[in-house]
**Q** 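Sharing a structure here in structure tokens format.
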Amino acid sequence: MPEYDFVVVGHSHAVAFLDGVTDWRKHIASTTHLPSDPRYSDAFQGWFSGAFPDESLQLQVTEPGLRSRRILARLIPRTSALNGAAEYVQHDGQPKLLIQTQFLDFLKGLPANVPIVSFIRGNEHARQMLGDLPRYDFLEPEVAGLDPAADAVPIDTIFIDQVIDTWLSVTLPTLAAIRAVTGERVIHILPPPPRENPQSAGYFEKVGAIVREHGFAPDAIRLKWYRRYCRLLSMALGLNGCEVLPPPTETLTKDGFLKSTLADGLTHAKLDYGKILARAIEEKIRSGK
């Protein structure tokens with residue numbers, strides 16, 4: 001039997017999952033001595049100041065009803081040595097994958113025959129939720145309709161995809177590296193969708209000044225950017241042999257937004273979301289596909 005049920009590696013979207021079902025908080029340095037940052041909830045106090053360990057954590061699953069018992073987790077906060085883990089560069093006219101030495105060592109040290117669950121990045125689309133741009137719209141097959149306002153400028157989807165390509169360029173190399181080096185099954189967890197009623201968020205993270213001056217983009221625009229990002233990312237990951245797990249249906253409103261009761265700030269989810277997601281992860285792993 002493998003020592004771990006699965007490995008978790010990723011950025012801030014992993015926090016809700018780890019808070020929801022593991023004992024990971026007992027492994028991290030106390031943040032009570034840090035000045036409180038009003039932009040973030042308690043879950044992310046110290047995230048940007050080095051209070052989170054830059055090492056792998058051997059965790060116990062504490063949530064009743066789950067089959068998993070032990071998880072190996074590696075978080076990548078801003079201060080982590082694993083940031084900038086991999087990138088594609090052009091070599092003789094062809095893309096070549098370059099992997100950071102520390103990240104390569106980390107991957108080579110992972111246990112064999114254990115699935116890897118990725119929470120790599122995921123907030124790239126969030127900047128588009130703000131209302132500081134002139135009114136615009138674009139076609140997205142998964143979100144019906146166009147803005148009927150006369151001043152809503154239609155944007156060519158070629159331009160939209162070019163923007164999203166820049167987001168994918170910081171995510172795909174890391175997932176490709178994980179898959180190539182380990183040869184293990186890789187399941188990437190898509191980030192939660194935009195939250196419903198963002199104006200009611202208790203924390204506005206780094207964009208509070210913009211929100212106070214400009215508010216938020218229309219709901220349809222926020223959802224279109226997210227859906228298109230997730231669709232293009234999923235397609236690209238599939239070509240690299242990675243699997244994708246979308247947000248659980250029960251965490252979403254009928255329109256596809258993250259329920260406000262499960263939202264943490266503007267872009268993250270609470271531990272209750274993590275508990276629901278954990279069941280979906282286990283089901284995905286057991287299904288073998």
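Excluded from the calculations below are hydrogen atoms, water molecules and symmetry mates; all remaining heavy atoms, backbone and side chain alike, are included.
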**Q** For Tyr40, does the six-membered ring have the charged nitrogen or CZ of Lys206 within the cation-pi criterion, i.e. under 6.0 angstrom from the centroid and within 45° of the normal?
**A** no
**Q** Might you work through the ring pair (Phe, Tyr, Trp, His ring centres under 6.0 Å) test for Phe52 and Trp24, ending with a clear yes or no?
**A** CA-CA 11 Å; Phe52 289 71; Trp24 85 287; 5.7 Å; yes
**Q** Ignoring hydrogens and geometry, is there a side-chain-to-backbone donor-acceptor pair from His13 to Gly10 under 3.5 Å?
**A** no
**Q** Once the angle between the rings of Trp225 and Tyr136 is folded into 0 to 90°, is it parallel (under 30°), tilted (30 to 60°) or perpendicular (over 60°)?
**A** perpendicular
**Q** Cut-off 3.5 Å, side chains only: do His11 and Asn123 have a donor facing an acceptor?
**A** no
**Q** Under 3.5 Å, is there a donor-acceptor pair between the Thr22 and Gln60 side chains?
**A** no
**Q** For Glu283, does the CD atom sit with more than 12 other heavy atoms under 6.0 Å from it, leaving out its own atoms?
**A** no
**Q** Tell me whether the rings of Trp167 and Tyr229 are parallel (<30°), tilted (30 to 60°) or perpendicular (>60°).
**A** perpendicular
**Q** What I want to check is whether the side chains of Gln128 and Arg222 have a donor and an acceptor closer together than 3.5 Å.
**A** no
**Q** Working to the nearest 0.5 angstrom, can you tell me the gap between Asp264 CG and Leu271 CG?
**A** 9.0 Å
**Q** Could Arg74 and Phe106 be counted as a cation-pi pair, given that NZ or CZ must be under 6.0 Å from the ring centre and within 45° of the axis?
**A** yes
**Q** Between Pro77 and Phe48, is there a side-chain heavy-atom distance shorter than 4.5 Å?
**A** no
**Q** Under the salt bridge (Lys or Arg N to Asp or Glu O under 4.0 Å) rule, what do Arg127 and Asp132 come out as? Steps first, then yes or no, please.
**A** CA-CA 10 Å; Arg127 180 64 180 81; Asp132 58 339; 2.7 Å; yes
**Q** Taking atom CZ as the centre, does Arg67 end up with more than 12 heavy-atom neighbours from other residues, nucleotides or ligands that are less than 6.0 angstrom away?
**A** no
**Q** State, without any angle test, whether Thr62 and Asp23 hold a side-chain donor-acceptor pair at a distance under 3.5 Å.
**A** no
**Q** Run the salt bridge (Lys or Arg N to Asp or Glu O under 4.0 Å) test on Glu140 and Arg228 for me, step by step, so that the C-alpha distance in whole Å, both residues' side-chain angles and the decisive distance to 0.1 Å come before the verdict.
**A** CA-CA 7 Å; Glu140 164 51 41; Arg228 198 175 196 89; 2.6 Å; yes
**Q** Which one of Ile187, Ile189, Val8 satisfies the side chain to side chain contact (heavy atoms under 4.5 Å, CB included) criterion with Ile281?
**A** Ile189
**Q** Going by distance alone, is a donor N or O of one side chain under 3.5 Å from an acceptor N or O of the other, for Glu196 and Ser260?
**A** yes
**Q** Please round to the nearest 0.5 Å and tell me the distance separating atom OG1 of Thr166 and atom CD1 of Ile164.
**A** 8.5 Å
**Q** Any ion pair linking Asp5 and Arg70 (charged N to carboxylate O, less than 4.0 Å)?
**A** no
**Q** Below 4.5 Å, heavy atoms only, C-beta onward: do Asp105 and Thr101 meet side chain to side chain?
**A** yes
